[in-house]
Amino acid sequence: MVGHSAEVVVAMAAIRTAFFGSDEIALPLLETLRSTLQERVELVGIWTQPDKARGRGMKFEPNGIKLWAESRGLDIHQPEKIGTADHEWLKARGVELILVMAYGHILKNDLLALTQFPVLNFHASLLPQYRGASPINAAIAAGEVWSGVSLMQIVRKLDAGAVYGQELVPIEADDTAVALAGKLAQACVPLAVRVLPGILDGSTVAVPQDETKVSFTRLLAREDALLDFHAPAQELVNRVRALHPWPGAAAKLGEVLIKFGEVGLATRTDSATASPPIPGTVLESSPQVGLRLATGTGGALAIHSLQRPGGKMLAVKEFLRGYKIAEGSVFSSTPMKPLVQSTPFPRAVFKSPETGGSAAV
């Protein structure tokens, strides 16, 4: 009689998971959870912000996360504030894990203590740098050449939880905030595939953040669009890239608010012996040459596209054919508030209707 040894394989049950997010930056991550990681993670519910009035008609429209969840038949929750009903739903469905990315609401201690696993957040920076609400914009504005996504544990202190892993993303010289956001969205995929299984089986250990290297960001406001031409030329280029598409970049010429699209660096064309022009002065302006503005230091600002009130964003040469800007005229400057600092911004700056804010304070 021949003996046979039997190998017993124990399949691990998928972890019942809820996802909290309100911005389309999380869509590649959600697709990965539903495909590559479906044997480890079972999505049972989606929390996202309530529908918002958008566009000129101010019609209430769902965000991209809700549309994604609807098309896949997932339970959707859109509370103004997370409360008892949400807790009861999560407990009744046996949710063991909560994943968060760009939710825009604060998660309180009672929710953070609800699940078997720590509540995990995909934060769009290389922590401990750029904690807070606008890490993508702040990194570009600061002239960084690298960004990334950090998979971290949420704690009550703003983005201060220990980090399980990171995925690095280069920032190219022409990247805008929307372009970098797209790269970071895709970076969540290898990060989740590489790190999340180890968190679930206990083999991956989180590393505390270095508190000596912390910096903080804040929510953007409409007034952040206004430029100060006393700043160095490169700082202005970075600022315009960082604020695209919202709130954009703009300055007044007389009483007319002109919006700036794409900008770049240019050499100064005024005489080296002449008195320096006032920052914001139009150095050159013609459909043939384009538009050049004086800055504080570091050369001139080359304007590649512009938009006037009621018009469309146009290439500068096309714009100047229909809207004359005289050489020697001066665009007004407005002091630019910093987007990042070494201490937390006041709590009030985190209260905004815009999505994409930090998930925890």
Side-chain angles (χ1 to χ4, degrees), residues 14-38 41-108 111-112 114-115 119-124 133-136 149 151 154 177-178 181-189 191-192 196 219-220 245-246 350-361:
I15 303 299
R16 294 178 66 79
T17 303
F19 181 82
F20 288 58
S22 304
D23 192 283
E24 292 184 8
I25 193 173
L27 290 177
L29 171 61
L30 285 170
E31 287 290 352
T32 299
L33 297 176
R34 290 273 289 183
S35 57
T36 307
L37 293 173
Q38 63 178 335
V41 174
E42 179 190 0
L43 277 178
V44 298
I46 301 289
W47 268 254
T48 193
Q49 287 195 13
D51 296 352
K52 297 186 183 298
R54 306 176 192 274
R56 292 186 178 180
M58 295 302 288
K59 294 182 179 179
F60 281 86
E61 298 178 0
N63 62 46
I65 301 299
K66 180 180 179 179
L67 293 173
W68 182 91
E70 283 181 335
S71 69
R72 288 153 181 82
L74 294 171
D75 283 315
I76 300 167
H77 306 262
Q78 295 180 277
E80 290 286 351
K81 291 184 179 180
I82 296 172
T84 302
D86 302 288
H87 295 181
E88 294 302 323
W89 193 97
L90 291 164
K91 289 188 285 188
R93 301 308 191 279
V95 171
E96 304 164 89
L97 174 66
I98 293 175
L99 298 177
V100 182
M101 187 172 191
Y103 180 42
H105 281 319
I106 295 171
L107 305 184
K108 297 184 178 180
L111 182 70
L112 299 182
L114 193 63
T115 54
V119 178
L120 303 177
N121 181 40
F122 289 79
H123 181 75
S134 58
I136 297 173
V149 181
L151 178 51
I154 289 184
V178 69
K183 294 180 181 181
L184 295 171
Q186 294 300 325
C188 292
V189 174
L191 179 61
L196 195 54
L219 277 170
L220 301 177
W246 194 90
F350 297 101
K351 297 177 181 179
S352 167
E354 301 298 324
T355 62
S358 180
V361 169

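Model, not experiment: these values are computed from the prediction. The first residue of the sequence shown is numbered 1, and numbering continues consecutively from there.
A donor-acceptor pair under 3.5 Å is absent between the side-chain atoms of Thr115 and the main chain of Leu97, judged by distance alone. Remark: side-chain polar atoms of Glu42 are not paired, donor with acceptor, to backbone N or O of Ile15 under 3.5 angstrom. In this structure, Thr48 contributes its side chain and Gly21 its backbone to a donor-acceptor pair below 3.5 Å. Checking side-chain atoms of Thr17 against main-chain N and O of Ile98 turns up no donor-acceptor pair under 3.5 Å.
Taking 4.5 Å as the limit, some side-chain heavy atom of Leu111 sits within range of a side-chain heavy atom of His87. With contacts defined as side-chain heavy-atom distances shorter than 4.5 Å, the pair Leu43/Leu30 qualifies. Residues Phe20 and Ile82 are in side-chain contact: their nearest non-hydrogen atoms beyond the backbone lie under 4.5 Å apart.
The salt bridge (charged side-chain N to carboxylate O under 4.0 Å, His left out) search around Arg72 returns Glu31, not counting sequence neighbours. Remark: Glu24 pairs with no residue by the salt bridge (charged side-chain N to carboxylate O under 4.0 Å, His left out) rule, at least two apart or across chains. When the ring-ring contact (aromatic ring centres under 6.0 Å, His included) test is applied to Phe19, no partner is found at least two apart in sequence or on another chain.
The stretch residues 59-69 participates, sequence neighbours left out, in these salt bridge (charged side-chain N to carboxylate O under 4.0 Å, His left out) pairs: Asp51-Lys66. The salt bridge (charged side-chain N to carboxylate O under 4.0 Å, His left out) analysis of residues 86-105, with sequence neighbours excluded, yields the pairs Glu88-Lys91. Pairs passing the ring pair (Phe, Tyr, Trp, His ring centres under 6.0 Å) check and including a residue from residues 53-72, sequence neighbours excluded, do not occur.
Below 30°, between 30° and 60°, or above 60°: for Trp89 and Trp47 the angle between ring planes is above 60°, a perpendicular geometry.
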